[in-house]
Amino acid sequence: MTRFNIASFNVKNLIEADQEYYRFESYTPEEYAWKRAWLADQLLTMNADIVCFQEIFSEAALRDVVIETDTLGLAANEANIPDRSKGYARKAIFRKLAYEPYTEAALAFAPNLFNGGAGDRRPGVAILSRFGFKGAPEIIQDLSEPLKIPFSDLDGGDGGQYSIKRLSRPVLKVRIPVGDQVVTVFNCHLKSKLGEFPKAEGAAFPPAADLINYDPAARAMGSLRAGLRRMAEAWVLRGAILEELQAGHPVMVLGDFNDSEHAVSSEIITGEAPFRNYAWMRRHDAETSRDRYSDDENETIQEKIGRVRLYSAEKLFVRKSLRDMVYTSAFGGVFESIDQILMSRHFHPEFEHKIGEMEYFSAFNDHLTDGSHPEAPYNKLASDHGQIMAHMVLGDSDG
């Protein structure tokens with residue numbers, strides 16, 4: 001059997017000191033040193049074989065974090081791992097405590113096409129893999145053809161269309177050799193819930209951004225635009241996932257979805273949840289009230305839906321462990337999971353032809369504080385997301 005850990009880590013605005021990423025936002029050298037040390041400590045604690053990072057403004061800054069992680073990890077090995085001359089050196093606990101440096105690991109970085117100069121930068125994503133990559137990483141952001149989403153009115157007439165030419169942030173796709181398998185991994189960061197507010201040409205700011213002259217209707221329309229974009233980006237990602245699944249490839253999707261598991265955008269990515277039985281349902285081409293799907297047709301429908309569906313690692317774990325307090329975001333009194341790990345049925349414990357499954361699920365969220373709290377500590381420097389990690393095993397998990 002081959003065991004590996006795969007994690008998602010939104011680092012919150014990683015860039016070197018004295019670099020203005022958003023307008024008037026930058027780190028002093030001391031703040032950057034603190035942030036780098038905090039991220040390295042988190043990465044060391046996770047000790048994951050594959051890490052999907054979001055909000056990376058600078059590949060060099062991420063490499064700095066990895067180097068600092070290795071420095072901390074090797075020092076921890078020196079202090080905690082006995083040499084082979086010790087009679088107890090083979091104890092299983094020391095295998096668990098040992099840190100494996102990322103010296104030989106591969107790093108793929110997908111910069112944001114919208115990245116501008118100082119004060120107008122946009123973050124990208126990255127994937128770190130101790131197993132390297134098979135083939136070249138792929139970046140999905142600039143669409144070869146605009147995505148056009150047609151609408152029809154309730155009377156069947158033309159309801160207009162919504163279209164996008166690019167994703168707000170890149171999706172990074174890599175193929176990773178693990179044991180004798182190759183797993184396709186997608187890392188995404190979908191459009192946030194922050195409203196999209198248009199401004200007139202030459203204007204200094206959008207009218208809806210003026211909170212003194214608060215316009216609730218315009219603010220609500222901004223949220224509608226953000227939601228449409230997030231769902232459209234989810235559909236583009238779903239298309240890339242389907243290509244892999246239809247080719248028979250195991251798939252894992254990680255990242256900041258900016259929505260919970262049951263949001264429409266997340267359900268677009270995971271695919272349709274099937275009914276338990278379609279034999280009771282009236283056929284799509286029914287001519288009488290008795291025309292329903294047969295038992296054989298039910299089996300066909302179940303297979304067609306199931307083979308392209310993704311499953312939440314968090315929910316598989318909650319069902320297995322009876323836990324109910326996994327969250328990766330806390331703001332305004334709301335604790336929710338907007339960072340997710342999804343996997344194809346190749347890893348589902350109940351799938352007859354599984355290649356492996358998840359043994360455990362970890363959430364690193366002790367640093368999170370409710371953003372509405374007046375004394376929430378170091379919100380600017382530490383990540384405002386919890387990290388999540390799936391502990392996977394490939395092979396015959398039943399021994």
Is there a donor-acceptor pair closer than 3.5 Å between any side-chain N or O of [X] and the backbone N or O of [Y]?
{"X": "Glu55", "Y": "Asn13", "value": "yes"}
{"X": "Arg175", "Y": "Lys134", "value": "no"}
{"X": "Ser163", "Y": "Lys148", "value": "no"}
{"X": "Glu25", "Y": "Tyr22", "value": "no"}
{"X": "Asp291", "Y": "Thr288", "value": "yes"}
{"X": "Lys199", "Y": "Gly202", "value": "no"}
{"X": "Asp215", "Y": "Ala208", "value": "no"}
{"X": "Asn258", "Y": "Arg230", "value": "no"}
{"X": "Asn80", "Y": "Ala76", "value": "yes"}
{"X": "Asp153", "Y": "Gly156", "value": "no"}

Distance only, no hydrogens: is a donor on one side chain within 3.5 Å (strictly under) of an acceptor on the other, for [X] and [Y]?
{"X": "Ser8", "Y": "Asp339", "result": "no"}
{"X": "Tyr32", "Y": "Asp18", "result": "no"}
{"X": "Gln54", "Y": "Asn187", "result": "yes"}
{"X": "Ser58", "Y": "Gln19", "result": "no"}
{"X": "Ser266", "Y": "Gln340", "result": "yes"}
{"X": "Asn298", "Y": "Asp295", "result": "no"}
{"X": "His262", "Y": "Ser260", "result": "no"}
{"X": "Asn10", "Y": "Asp256", "result": "yes"}

Inter-residue atom distance [X].[atom1] - [Y].[atom2], 0.5 Å rounding:
{"X": "Glu261", "Y": "Ser312", "atom1": "CD", "atom2": "OG", "answer": "4.5 Å"}
{"X": "Ile6", "Y": "Ile388", "atom1": "CD1", "atom2": "CD1", "answer": "10.0 Å"}
{"X": "Asn5", "Y": "Ile50", "atom1": "CG", "atom2": "CD1", "answer": "9.0 Å"}

Does this structure show an ion pair linking Arg36 with Glu68, if we count only N-O contacts that are shorter than 4.0 Å? yes
Identify whether the distance between the nearest side-chain nitrogen and carboxylate oxygen of Glu272 and Arg309 falls below 4.0 Å. no
Can you confirm whether [X] sits close enough to [Y] that some side-chain heavy atom of one is under 4.5 Å from a side-chain heavy atom of the other?
{"X": "Phe257", "Y": "Cys188", "answer": "yes"}
{"X": "Leu62", "Y": "Leu14", "answer": "yes"}
{"X": "Glu359", "Y": "Arg3", "answer": "yes"}
{"X": "Lys173", "Y": "Ile139", "answer": "no"}
{"X": "Trp235", "Y": "Met231", "answer": "no"}
{"X": "Ile341", "Y": "Phe361", "answer": "yes"}
{"X": "Ile305", "Y": "Tyr278", "answer": "yes"}
{"X": "Ile56", "Y": "Val125", "answer": "no"}

Please test Lys165 against Glu233 for salt bridge (Lys or Arg N to Asp or Glu O under 4.0 Å), starting from the C-alpha separation and ending with a verdict. CA-CA 10 Å; Lys165 299 177 182 178; Glu233 292 178 348; over 6 Å; no
Which residues pass the salt bridge (charged side-chain N to carboxylate O under 4.0 Å, His left out) test with Arg283, not counting sequence neighbours? Asp285, Glu297
For [X] versus [Y], what's the shortest heavy-atom pair and its separation?
{"X": "Pro101", "Y": "Asp70", "answer": "CA-OD1, 3.3 Å"}
{"X": "Tyr162", "Y": "Arg225", "answer": "OH-O, 4.2 Å"}
{"X": "Pro137", "Y": "Ala108", "answer": "CG-CB, 3.7 Å"}
{"X": "Ala313", "Y": "Met343", "answer": "CB-CE, 3.6 Å"}
{"X": "Tyr102", "Y": "Ala48", "answer": "OH-O, 2.6 Å"}
{"X": "Ala240", "Y": "Ile140", "answer": "CB-CD1, 3.8 Å"}

Show, in sequence, the C-alpha distance, side-chain angles and deciding distance for Arg229 and Glu196, and conclude whether the salt bridge (Lys or Arg N to Asp or Glu O under 4.0 Å) test is met. CA-CA 9 Å; Arg229 182 176 297 280; Glu196 289 194 359; 2.5 Å; yes
For [X] and [Y], I'd like to know if the aromatic rings sit close, meaning centre-to-centre distance below 6.0 Å.
{"X": "Phe317", "Y": "Tyr360", "value": "yes"}
{"X": "Tyr293", "Y": "Phe275", "value": "no"}
{"X": "Tyr27", "Y": "Tyr21", "value": "yes"}

Could you check Arg345 against Tyr311 for side chain to side chain contact (heavy atoms under 4.5 Å, CB included), going step by step and ending with a plain yes or no? CA-CA 7 Å; Arg345 67 177 181 175; Tyr311 300 87; 3.7 Å; yes
Give a yes or no on whether [X] and [Y] share a hydrophobic cluster (residues Ile, Leu, Val, Met, Phe, Trp, Tyr; joining criterion: side-chain heavy atoms under 4.5 Å apart).
{"X": "Ile149", "Y": "Ile269", "result": "yes"}
{"X": "Met252", "Y": "Phe351", "result": "no"}
{"X": "Val171", "Y": "Ile164", "result": "yes"}

What's the verdict on salt bridge (Lys or Arg N to Asp or Glu O under 4.0 Å) for Glu59 and Arg63, showing C-alpha distance, side-chain angles and the deciding distance? CA-CA 6 Å; Glu59 179 181 359; Arg63 291 187 180 277; 3.0 Å; yes
Side chain to side chain contact (heavy atoms under 4.5 Å, CB included), that's the test. Do Arg276 and Gln302 meet it? Break it down for me. CA-CA 8 Å; Arg276 288 187 176 273; Gln302 295 285 353; 5.6 Å; no
Identified side chain to side chain donor-acceptor pair (under 3.5 Å) partner of Asn112 from the options Gln141, Arg121, Arg122, His189: Gln141
Steps toward side chain to side chain contact (heavy atoms under 4.5 Å, CB included) verdict (Val66, Leu128): CA-CA 9 Å; Val66 175; Leu128 181 67; 4.1 Å; yes
Do Arg23's NZ or CZ and the ring of Phe205 fall within the cation-pi criteria of under 6.0 Å and 45°? no
Over-ring placement of Arg166 relative to Phe114, 6.0 Å and 45° cut-offs: yes
Output, in order, the C-alpha distance, side-chain angles, deciding distance and verdict of side chain to side chain contact (heavy atoms under 4.5 Å, CB included) for Phe347 and Lys354. CA-CA 5 Å; Phe347 306 100; Lys354 66 183 179 184; over 6 Å; no
Take atom CD in Gln161; do more than 12 heavy atoms of anything else shown fall under 6.0 Å from it? yes
For Met46, does the CE atom have more than 12 heavy-atom neighbours from other residues, nucleotides or ligands under 6.0 Å away? yes
